[in-house]
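Have a look at the structure below, then the notes.
A, B, ... follow the sequence lines: proteins, then strands. Residue 1 opens every chain. Note that the coordinates shown come from a computational prediction; the quantities given were computed from them, not determined experimentally.
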Amino acid sequence: MSDPQHVLAARVQAALGAAFGEPDADPVIRPSQFADFQANVALPLAKKLGRKPRDIATEIVAHLDVSDVCEKVEISGPGFVNLTLGPGWIAGQAQEMLGDARLSVEKTDAPQTAIVEYSSPNIAKEMHVGHLRTTIVGDAIARVLEFAGHHVIRDNHVGDWGTPYGMLIELLLDVGEGSEQAKLLETDPNAFYQAAREHFDSDPEFAQRSRERVVKLQAHDADTIRHWERLVDLSKIYLHKVYGRLGVTLTDDDIRGESFYDDMLGDIADELQAKGVAVISEGALCVFPPGFTGRDGDPLPVIIRKSDGGYNYSTSDLATIRYRVDKMNVDRMIYVVGSQQALHFQMVFAVARMAGWLPDGVSAEHAQIGSVLGPDGKIFRTRSGKSIKLTELLDEAVERAGAAFDEVPHDEPFDGETRRQVVEAVGIGAVKYADLSTARGSEYVFDFDRMISFRGNTGPYLQYATARIRSIFRKGGLSPEEATGPIVLGHEAERALALHLLGFGAAVHQTGETTEPHRLCAYLFDLASAYTTFYENCPVLKAPDEATKASRLALCALTLRTLGKGLALLGVATPERM
RNA sequence: GCGCCCAUAGCUCAGCUGGAUAGAGCAUCGGACUUCUAAUCCGACGGUCGGGGGUUCGAAUCCCUCUGGGCGCGCCA
């Protein structure tokens, strides 16, 4: 336990128990501008006990045992208890963190099985900027929860079933698997989809074959399934490429697409009807969860089975919930999906609860992802109105990172291959970090210049901070692992840096609980800022004496590992040099 | 009409689930490289937190209401 906030909370709580018999009261420890932290509990407690806040504060302090942690405790204002940590304690905790493989980040004491559904592209189509954000944010959430000690199941709920596949299969059969056009599935699936669409719209014979193919597909005709599998396999090659380049942890094993649930849909419909939850309305089997109304004020249905007998994605989502609860025993489901689908998920969750498939002990959360906007403030698209190709977007980011790289002098020369790797890491990291650093539900304006800037809360700034630290170790002729301290805090910048380092675990856990990676981003940016102040004020290799040098090297090593681990949890690479 | 998200500095965004004097980056202005990477740093300027009520010791934060935006709302996913 190195997080000062938790340590102080426990101590103040003990004091509350001893003084007032209120060991369960929240001590309300917050960062303070007048000290390191302040306990605000005296004010609400005074209200509850009908006494003066300052008297309460005085009594808390009288019972407070923090002599080993704090160097100063004082009461100020109406009853705030200001707590200033002792440099010795901070140094000791930092030293412990340095020696711990997990950087003193404790595993949760309440581990859950959490399934994170993210990315989930429709594999018939090209991924675009919208998929980018759900993919990146979802991957970060999965990594963070895993590190926090939860059992994480990644779930790529791809769209791999339904009406479009009739025409896609027919086109694939027409052009042949080895053809140039079929290769589009591996490089530009959207182009293949659009070609199929064109045939479908212009060629009645093709359209007819496509419809027949859909029927065969849904009837699990063996030959058709074989073609469909081939089509899906080709599309996976494209997914591999994109995920590989992005450094996303999704694998084929994580793909559990809509097709997986297809044979459960009939059961879902039957059971809902048998339970009396679903009713026939206008020829379709519907559930009307209470509290949802449509445009005209009428109850809004979740359509379970269309009037033509087909199923749509609500049914598939219900089957998914039931499967995850019954077969996978998940405690928590996290849907990293665009905010446009908020209403859909509310209704599906409501139906699942009505049907008894989603028990109270299992949480289902829609981690809403805001849209990415273009410079005009509208959904990011090209001039022609098409969605922007992901690969082209990444290429441009890398190209711009390369231009910035070439503009500035470097302390050591780079060979071509190293330059290529660095620029790739910076360009991709910039795009990913931009997606992660704004609150996930917020829309944000996509701006290359801002995200590739080396100032402010950006990926490159954080990467640069790690590169500068590594540079110190190279120049000093030792590895970060060799810097073991002891850590002694003299300069104010050293103290501030060390104190900030201790907050890493809290930032990680908070990020996992809220599924909000931007909190971790904010922590890392503040950490990098604290390091930069230290860097400007405290010479490391030219420290005044050996003890100071050893301590500062240890702080550098600890900062490097913390930034590196934090960025790794976000899925952002950290090049050795820049 | 209903639901979700949003409105904070000229611009782009934070604000840690109610704490003391609301913060960053960009832009503007002024400084710092014979010094571990200046792709950096330090200052200055800049906000009646959309309006109005309420809850209480205390509100950008919670509740209500109004205004103004974005998105979604029966057989697409």
Side-chain angles (χ1 to χ4, degrees), chain A residues 5 28 30-34 38 40 43-44 46-47 53 76-80 120 122 159 162-164 258 281-286 291-298 300-308 310-314 316 338-347 366 368 370-371 373 377-379 404-405 407-412 426 437-439 441-445 447 449-450 452-458 460-461 463-465 467-469 471-476 503 506-507 510 514 518-519 521-523 525-526 529 532-533 535-537 539-543 556 577-578:
Chain A
Q5 217 158 330
V28 199
R30 296 286 184 270
S32 173
Q33 40 193 318
F34 303 101
Q38 58 187 51
N40 301 333
L43 290 90
K47 185 76 179 172
S76 79
F80 299 113
S120 311
N122 188 320
T163 45
E258 290 171 352
S281 167
E282 296 176 27
L285 184 65
C286 300
F292 296 93
T293 52
R295 244 185 270 282
D296 44 15
D298 292 341
L300 199 59
V302 173
I303 294 176
I304 303 302
R305 193 178 54 222
K306 299 188 286 183
S307 53
D308 68 3
Y311 299 100
N312 58 23
Y313 81 136
S314 291
S316 175
S339 53
Q340 297 91 329
Q341 299 202 37
L343 185 59
H344 163 72
F345 281 117
Q346 274 186 34
M347 296 183 73
H366 177 199
Q368 303 191 23
S371 304
L373 308 179
K378 302 198 168 156
I379 302 291
F405 181 92
E407 258 178 38
V408 295
H410 302 274
D411 62 332
E412 302 162 64
V426 173
S437 58
T438 44
S442 304
E443 300 179 330
Y444 81 92
V445 176
D447 180 349
D449 290 333
R450 186 175 55 79
I452 293 177
S453 165
F454 290 78
R455 290 183 193 181
N457 192 5
T458 69
Y461 175 80
Q463 289 171 323
Y464 182 58
R468 289 213 294 190
I469 298 173
S471 175
I472 289 177
F473 283 104
R474 266 198 310 279
K475 290 240 160 67
Q510 193 184 40
T514 59
H518 82 280
R519 293 176 187 274
C521 292
Y523 169 81
F525 175 60
D526 288 343
S529 302
T532 302
T533 303
Y535 183 90
E536 298 286 331
N537 290 286
V540 178
L541 298 176
K542 294 171 187 169
C556 286
R577 295 198 290 141
M578 283 175 73

Does a distance-only test, which skips hydrogens and angles, find a donor-acceptor pair under 3.5 Å between the side chain of [X] and the base of [N]?
X: H344(A); N: rA77(B); result: no
X: E258(A); N: rA77(B); result: no
X: T438(A); N: rA14(B); result: no

Item checked: Rounded interatomic separation in angstrom, taking NE2 from H518(A) and P from rU17(B) ->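 In whole Å, rU17(B) P lies 12 Å from H518(A) NE2.
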Next item on the list: Please measure how far the C1' atom in rC13(B) lies from the corresponding atom in rA20(B), and state the result in whole Å.
Entry: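 That atom pair is separated by 25 Å.
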Item checked: Integer angstrom distance from the C1' of rA9(B) to that of rG46(B) ->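 Result for the C1' pair: 5 Å, nearest Å.
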Scan [X] against the nucleic acid and name what it touches under 4.0 Å (heavy atoms): base, sugar-phosphate only, or nothing.
X: F405(A); answer: base
X: Q346(A); answer: sugar-phosphate
X: H366(A); answer: nothing
X: F292(A); answer: nothing
X: E282(A); answer: base

Margin query: Does rG19(B) have its OP1 or OP2 closer than 4.0 Å to a side-chain nitrogen or oxygen of R30(A)?
Written below: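 Yes, because at least one side-chain N or O of R30(A) sits under 4.0 Å from OP1 or OP2 of rG19(B).
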Check: Which sits closer to the 5' end of RNA chain B, P78(A) or Y313(A), going by the nucleotide each is nearest to?
Finding: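 Its nucleotide being nearer the 5' end, the pick is P78(A).
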